[in-house]
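Note that this is a predicted model, so its numbers are computed, not measured.
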Amino acid sequence: MRPIKHAEKGLTAFAGGMFNAIQFFNQYRPNPSFTPKWSDKPLLKSWQKSKPTLGWPRTTDSLCPKCVIEARERILSQPQIDYSELVNEKVGEIKAQIIERDGEVWMVKDCPIHGHFEDIMAMDVKFLSHIEAMFPGRDIQAHNDEKLHNHGSSTIKYGRGSVLTVDLTNRCNMMCDPCFMDANQVGFVHELSLEDVKDILDKAISIKPRRQMSVQFSGGEPTISPHFLEAIRYSRKVGYNSVQCATNGIEFAKSKEFAKQAAEAGLRYAYLQFDGIGNDANSHRQVGNLFDVKLRAIDNLHEAGVEIVLVTTLVNGINNDQVGSIVRFALDNPKKIAFLSFQPVSFTGRDEEITEERRMQQRYTLSHLAYDVKKQVGITEPTRDWFPLSLMGAFADFADLVHGPEAEWGQVSCGCHPNCGVGTAVMIDKETKEMRPVPEFLNIPGLVRDMQKITDAARGKWMSNLMMGLTLLKHYNPYKSPSNFTLSELFKKFDKSFGLTGKKYGKVEGDRTTEDIEKRRADRWNFLFIAGMWFQDLFNYDFRRTEMCIIPYGTQEGEISFCAYNTGIGWRNIIEQMHMNATVAKWYKENGRHEIFAKGKEVDLNESAVNLILNETDLQRPNKPQMAGPKTAAEEAAMMRKLYQDMVLNKGKAPADKPVQIKGLSRKKEETPTATV
């Protein structure tokens, strides 16, 4: 062990004593909270933060999966779409109980019309108990927002969010199952004009608290919008320093020049759809060489100066074996991958009317993710090293205090419900690849408790920074950190993330240069964040989560919670149809068809070689799940059609030894044919 580790250990003991001594006096007569420029309300003390009811058993407001679909179809069938009943009435709402059952957590609910529904929320009650216990409380209530947040029970009530999602188009160059927006399948095109985009972004920064949100352009596939690059430029112009796009990577893989143009426009992050290692793990997307596309996109984007976030939809029995493979891929390529976002499947869009049998087979929760990281990679303890994403709100509160009342923007604050998202982090030496989970050498719960004390005392920038340095030392264990990691590196990572001292690590604003990008990348240490974000569907919907959404959609009808827009009552279906540009047939006639990669079609890549390390075992996929029965909505529909033909139309015989229930293919209840044999 390096001698410096012993010296650091001595410093941590001294710092702990110093912090506790200062805090003895600091707890008396704390300074009042100030009201910053970006808010009309003062910063909240930790004890002023409200919390939804947590634990179990508890009752919450949810939705009936059947009533919602019927109500949505009724609204969409109107000659002139009017969604006022969604604002003024509690359409489809029912009560739900969240309970513990056999060491698991379940949501159970009953509709007086459609009967009983239930779904698993966590495979381990201890894990979810730990996550909920670490929740620091809600953010400041949204204000000056009446024109944008007015969606009845789906209205966002707290905070300003952290990522504003703007769908540039519902067109896509792929045809995936699952697809929460049902891209290319709704019969019409909904595509924002540049004026629409500017209007949405301008209105977004009018809400208080005015936080330094990220803007994520999505779709469909945002890169096929003719306004993609200009939308990025405008976002930077009005002040957003983190502009992202959620992409399948095809356009970036096809063209280095396009990746360069996006970076020059101001694209900072690419949220790259990434389902696993090897083409087999991506085969359900039905693009012949999709994994090669992903690797080429990573290389092209990184070369251009864009940071990459790998985004994986996890479906139990389909690609849950890829958790370990993807984490290993990130650990092997720390200079190019700094963020993993795992997203347990949400059964919506094409999967909204999934059969109960397939839903139970394919359901995957955040607790599954935490245990799979431990099982498949051998790192992190689920009930020690994982925390709610909302814990980052405590760090944002401290940074807001230090940046003072004159700051034009608040810090990004992930104040979502603890059931929405979880995360952990690994520190990796980019040179040696040595790594350690951060909670192994930094006591996160203790650090957060002390940081809240500093924030509550509100003693001013430099005194607060001094106390922050002491508490970082107090909770740091140098013996557990990577061998070349030092206290100076710890302070640097913290300062780099929150800009506490004013030291420059390379600009991130719209006028950043190539030199700024390289300066930020020169850091020897990669803070790999592993996150899980679980979007709701109709079977586990909870309005306590919706009202705390941190990733609202910016639309032509205001800002709407991510889950309320894509699931819930189905605001996406309503708003896109209200503001549709044209039917698909008319659009194709006037604008031509865009290229779609499906049914095994391959993307033509100019180059195939990439500078990335791949694990040969993971490429072979030795632990591939073997799920029985239909795996997608398309396969399910095909099976239903065949059974209907065989049994109802007498074109065949059903197996004599197994009763089969046929469910209708239409969404309309009155048209649903059922027959039991």
Derivation of the side chain to side chain contact (heavy atoms under 4.5 Å, CB included) call for Asp275 and Arg285: CA-CA 9 Å; Asp275 286 338; Arg285 301 286 183 184; 2.4 Å; yes
side-chain hydrogen bond (donor to acceptor under 3.5 Å, both in side chains) between Thr348 and Thr567, worked out: CA-CA 6 Å; Thr348 187; Thr567 58; 5.3 Å; no
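- Taking all atoms of both residues into account, the shortest heavy-atom contact from Met451 to Phe494 is SD-CZ, 4.3 Å.
- Ring planes of Phe562 and Phe535: parallel class, angle under 30° (limits at 30 and 60°).
- Side chains of Gln286 and His284: a donor-acceptor N/O pair is absent below 3.5 angstrom, by distance only.
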From CA spacing to verdict: side-chain hydrogen bond (donor to acceptor under 3.5 Å, both in side chains), Gln273, Asn248: CA-CA 5 Å; Gln273 175 197 67; Asn248 56 37; 5.3 Å; no
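- Closest approach of Ala281 to Arg621, counting heavy atoms only: CA-NH1, 3.5 Å.
- Note that CG of Leu314 and CG of Asn316 are 9.0 Å apart. Values are rounded to the nearest 0.5 Å.
- The two residues Phe135 and Lys51 come nearest to each other via the heavy atoms O-NZ, 3.1 Å.
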Evaluation steps, ring pair (Phe, Tyr, Trp, His ring centres under 6.0 Å), between Tyr269 and Phe339: CA-CA 10 Å; Tyr269 293 101; Phe339 200 116; 7.9 Å; no
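- Side chain of Asn282 to backbone of Gly276: a donor-acceptor contact under 3.5 angstrom is found.
- To the nearest 0.5 Å, atom CG of residue Asp397 and atom OG of residue Ser413 are 6.0 Å apart.
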Working for side chain to side chain contact (heavy atoms under 4.5 Å, CB included), residues Thr424 and Phe387: CA-CA 7 Å; Thr424 189; Phe387 303 95; 5.6 Å; no
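- Between Ser218 atom OG and Ile551 atom CD1 the span is 10.5 Å, to the nearest 0.5 Å.
- The backbone N or O of Gly317 lies less than 3.5 Å from a partner atom in the side chain of Asn320, making a donor-acceptor pair.
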Working for side-chain hydrogen bond (donor to acceptor under 3.5 Å, both in side chains), residues Ser346 and Gln536: CA-CA 6 Å; Ser346 171; Gln536 302 180 86; over 6 Å; no
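- Checking side-chain atoms of Asn333 against main-chain N and O of Lys336 turns up no donor-acceptor pair under 3.5 Å.
- Ring pair Tyr476/Phe441 is perpendicular by interplanar angle, where above 60° counts as perpendicular and below 30° as parallel.
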Test log, rule salt bridge (Lys or Arg N to Asp or Glu O under 4.0 Å), inputs Asp351 and Arg358: CA-CA 10 Å; Asp351 263 334; Arg358 180 161 70 89; 2.5 Å; yes
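- Pairing each heavy atom of Gly568 with each of Val68, the nearest pair is O-CG1, 3.1 Å.
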Full working for salt bridge (Lys or Arg N to Asp or Glu O under 4.0 Å) between Arg328 and Asp618: CA-CA 9 Å; Arg328 280 187 291 271; Asp618 289 333; 2.9 Å; yes
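- Interatomic distance, CE of Met121 versus CD1 of Ile98, reported as 5.0 Å (0.5 Å rounding).
- With hydrogens and angles left out, the side-chain atoms of Glu221 and Thr247 include a donor and acceptor closer than 3.5 Å.
- No side-chain heavy atom of Glu381 sits under 4.5 Å from any side-chain heavy atom of Glu440.
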Candidate pair Tyr541 and Thr546, rule side-chain hydrogen bond (donor to acceptor under 3.5 Å, both in side chains), full reasoning: CA-CA 8 Å; Tyr541 204 85; Thr546 305; 3.0 Å; yes
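- Using a 4.5 Å heavy-atom cutoff, the side chains of Trp534 and Tyr364 are not in contact.
- Relative to the ring axis of Tyr553, Arg572 places its NZ or CZ within 45° and under 6.0 Å from the centre.
- Under the side-chain contact (heavy atoms from CB on, under 4.5 Å) rule, Pro439 has a single partner from Thr380, Val426, Leu447, Asp385, which is Asp385.
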Pair Ser46-Gln48, side chain to side chain contact (heavy atoms under 4.5 Å, CB included): steps then yes or no: CA-CA 5 Å; Ser46 63; Gln48 294 174 320; over 6 Å; no
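- Donor-acceptor pairing under 3.5 Å is recorded for the side chains of His114 and Glu70.
- The only option from Glu357, Arg363, Gln361 that meets the side-chain contact (heavy atoms from CB on, under 4.5 Å) definition with Arg359 turns out to be Arg363.
- Counting only distance, with no hydrogens or angles, the side chain of Gln362 and the backbone of Lys631 share a donor-acceptor pair below 3.5 Å.
- Checked against Thr59 for a side chain to side chain donor-acceptor pair (under 3.5 Å), the options Gln97, Lys109, Lys95 give a single hit: Gln97.
- Relative to the six-membered ring of Tyr158, Arg138 meets both conditions, a distance below 6.0 Å and an angle of at most 45° to the axis.
- Annotation: Trp386 is not in aromatic contact with His130 [ring centroid separation under 6.0 Å not met].
- Once rounded to the nearest 0.5 Å, the distance linking NZ of Lys493 with CZ of Phe527 reads 8.0 Å.
- Proximity of Phe395 to Asp400: side-chain heavy atoms (C-beta onward) are nowhere separated by under 4.5 Å.
- No close placement of the Phe539 and Phe347 rings is indicated, their centers lying 6.0 Å or farther apart.
- Using modelled atom types, one finds a donor on one side chain and an acceptor on the other under 3.5 Å when comparing Glu132 with Asn419.
- Arg544 and Asp542 get closest at one heavy-atom pair: N-OD1, 2.9 Å.
- Here the CG-CG distance, from Leu538 to Asp119, works out to 11.0 Å after rounding to the nearest 0.5 Å.
- Contact of the Gln244 side chain with the Val163 side chain is registered, since non-hydrogen atoms from C-beta on lie closer than 4.5 Å.
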Residue pair Lys126, Glu100: steps toward the salt bridge (Lys or Arg N to Asp or Glu O under 4.0 Å) verdict: CA-CA 10 Å; Lys126 293 179 181 178; Glu100 178 184 351; over 6 Å; no
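- Between Asp280 and Phe291, every side-chain heavy-atom pair lies at or beyond the 4.5 Å cut-off.
- Smallest separation of non-hydrogen atoms from Ser367 and Ala122: OG-CA, 3.4 Å.
- Side-chain atoms of His475 and Asp450 include a donor-acceptor pair closer than 3.5 Å.
- Residues Val105 and Trp56 have side chains in contact (heavy-atom distance under 4.5 Å, counting atoms from C-beta outward).
- Note: Phe274 and Phe329 meet the aromatic proximity criterion, with ring centroids under 6.0 Å apart.
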Steps toward side chain to side chain contact (heavy atoms under 4.5 Å, CB included) verdict (Ile560, Thr555): CA-CA 8 Å; Ile560 307 174; Thr555 80; 4.2 Å; yes
